[in-house]
Each structure stands twice: as C-alpha cells, then as structure tokens.
S.K.: 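Structure incoming, see below.
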Amino acid sequence: MLPRNFYKPLAIDAPEPFRELPVRLERMIHFIPPHNEKLRGRAQELVKEVDVLLGNLEDGVPVESKIAARRGFIEMARSVDFDSTGLWVRINALPTPWAFDEIVEIVSEVGEQLDVIMLPKVDGPWDIHYLDRLLAQLEAKLGLTHPILIHCILETAEGVTNVEAIAAASPRLHGMSLGPADLAASRAMKTTRVGGGHPDYRVVADPGEGPRAAFQQDLWHYSLGRMVDACVANGIKPFWGPFGDFADSEGCEAQFRTAFVQGCVGAWSLYPDQIEIAKRVFSPDPAEVAFAKRILAAMPDGSGAVMIDGKMQDDATWRQAKVMVDRARIVAARDPQRAKLYQL
Ligand code: GLV
Ligand code: MG
C-alpha cells in the first residue's frame, strides 16, 4: 500500500482510523463468559473494578454455547453502563464457522459501545486486512462514529514468524497479547501449562563438588521480546495473555511482572484474584516513581549528566524516568488511591 493511503478509511464513509491510539489504562483485560447469566449479572459491578471487560466467545466456551455467548455479550453491551471502562470481545478465529456472524451481528447491534475486537490465532497480516476491511464496511453501513480497534493474539508459530508484518498491517491495530497455551501447542512445546516456567527448561551449573545448582529459564522470553519490539516500533500496545494456575498467585505475579518490566502494559485476568495482581504489577512502584520524579526535576530540559544517590543520570535515564512518570500519570487519572501514593 502507498504510505499516503495507509490512514485512509477502507470503506466510503467509514470513520477515519486513529493516527495515535487513545490514551487508556488497560492493566487487565478481564475475561467473562457471556453465556453464563450469573456472571453476566455481575458485569455492572465489575466495570468499577477493572480497566477492560471482555466477553469471551472463543476457547473455553463450549461449541453448543457459542450462540448463547454471542447473544449474552450483546445483551450485556446494551444493558451495562461501561463509563470509561473498555468493552472488548474475543471472537472465534477467522476460519471457524462462527467468526463472520459474530463480527456482523455484534458490530451491527452494539458497535457504538464496542472498543476492541480481540482476534485469536493471527497468522499474518492477511488476517488483519480481512477484518480491517469488513469492519470498515460495517462502520460505514451503520454510520458508526469511531473505528473499532483490533487486538491480536500472538499464539501460533506462523504468527511469531510474521509478528513485525502483523504489527504494521493497519492503523486499526490496538496491540497484541501473547497466548502461551496455543503457542505451546502450535510449536509442539512439551508443556501442558498456561504461562509460567517449566522445571525441564533450565540451565545447570558445571559439575563439581555437591549438587549442581539449576535455574528455570523464561520459556517465553524470545517470543515476548519480539512481540514487544514489533508492537512498540509500530505504536501499538504489548500485553501478556493468560496465567492458568489460579492457585499460584505468586507464579502469576512473577509472570505479569516479567512482562511489565519487559515493556508490556497489561495482562489478562481470568479469575477475580488476578485483577488485584494485575493492578499491583501494571501500576508502577511508588518508590520508582518518586525516584523518576527526582531525575526529571534534577534535569529540567532532559540533557546533561547529574548524580543522584550515587547513580549516574543522563539524557537516556531521563527518558527512562519519563516513561515511569508518564505511566504513573495514566494510572493516577483512573485510580485515585494510587494518585495519592504517586503524589500526582
Ligand atoms: C490464549 O488464548 C492462549 O492460547 O494462551
Ligand atoms: Mg488461545
């Protein structure tokens, strides 16, 4: 595509694509199964707790409940006041018999309320181009005023191979999540876990006296690193996906934290306890924010070199500090408790 055409709407009268993503705090994408009436009934309460509420229509929803999940999502989107909480839907993958009807029905019925469609099993930019055009046609037909964004799940070996092309495929992209369960299956990795480490993926110290020290390594480092670079280079957002062992809060927190430190801005919460974990992890540490504020104050124009507490600061650390303070400001705008801690 010619660069000058990249930001043109893909259908006559469709809304203009965003040049920059709207600034939104998305520390957790909280999954609910919309065919479950009882859980759906708690949605109005949940929107006060979470940054994003997502209706899941894909894996985890039995085949016989796919239509009920779709109808339940539409009902929820109509009846709940989302205020500034994001409303997302995870549709079934494009080759399935449900995807087309889900896209058309959901956008037709509640497109104005919908912020983001999460698209699973994205293999390459062709998947994005298909959905991009279809959404533009629907938006035009329905007279929608905002573009519905696409968030991809990176969870196939082919997707990881094409991650840079996917991230650059359209101005409609919101970001990507790493999906460790499907990615493991796609690659024939020998793990049945959803995220986290594995005792067989480790490095052992050289032989010597006594037992040899061994440490588990991060199974996801390579793919997550590629995904973060591809996203950030294209101005879209990287996320960690699910952590499946609900009893292991410490493991979940470690997984989320690794992703946060590496550049991710949020993760999925599949279980109520994971909401608080995500809030804790994806809101920067108040002590780090306080230190970052000192760096910014010591170098008002962002250049030169100073020492703070024996640590060298220069233009690059000023930029690091700005990342931290900018992030804290976004958190503070939505989370008054943390605004106080950050003194912002
Ligand atoms: C998420 O969809 C995953 O496959 O991990
Ligand atoms: Mg998956």
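As the structure is a computational prediction, the values presented were derived from the model and not from experiment. In listed order, ligands and their atoms are each counted from 1.
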S.K.: Would you please say whether a donor-acceptor pair under 3.5 Å links the side chains of T85 and R334?
M.R.: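 R334 and T85 do have a side-chain donor-acceptor pair below 3.5 Å.
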S.K.: Do you know the tightest heavy-atom contact between A14 and A136?
M.R.: CB-O, 3.5 Å
S.K.: Do L224 and C264 make a side-chain contact, defined as non-hydrogen atoms from C-beta onward lying under 4.5 Å apart?
M.R.: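 Yes, close enough: below the 4.5 Å cut-off.
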S.K.: Measure from the Mg ion (ligand 2) to each N, O or S atom of D182 and report whether any distance is below 2.8 Å.
M.R.: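 Under 2.8 Å: D182 contacts the Mg ion (ligand 2) through an N, O or S atom.
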S.K.: Give a yes or no on whether a salt bridge exists between E276 and K279, defined as a side-chain N under 4.0 angstrom from a carboxylate O.
M.R.: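 Salt bridge between E276 and K279, a charged N being under 4.0 Å from a carboxylate O: yes.
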S.K.: Parallel under 30°, tilted from 30 to 60°, perpendicular over 60°: which one fits the rings of F282 and F260?
M.R.: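 Judged by the thresholds at 30° and 60°, the geometry between F282 and F260 is perpendicular.
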S.K.: Should K311 and T317 count as side-chain neighbours, where that means a heavy-atom distance under 4.5 Å?
M.R.: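 SC-SC contact between K311 and T317 ruled out.
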S.K.: Mind listing the N or O contacts between ligand 1 and protein, cut-off under 3.5 Å?
M.R.:
from, atom 1, to, atom 2, distance (Å)
ligand 1, 2 (O), R90, NH1, 3.1
ligand 1, 2 (O), E155, OE1, 3.0
ligand 1, 4 (O), E155, OE1, 2.9
ligand 1, 4 (O), D182, N, 2.8
ligand 1, 4 (O), D182, OD2, 3.0
ligand 1, 5 (O), P180, N, 3.1
ligand 1, 5 (O), A181, N, 2.8

S.K.: Would you call the rings of W88 and H151 parallel, tilted or perpendicular if under 30° counts as parallel and over 60° as perpendicular?
M.R.: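 If you compare the ring of W88 with that of H151, the planes turn out tilted.
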S.K.: Of all N/O/S atoms in E155, which lies nearest to the Mg ion (ligand 2)?
M.R.: OE1
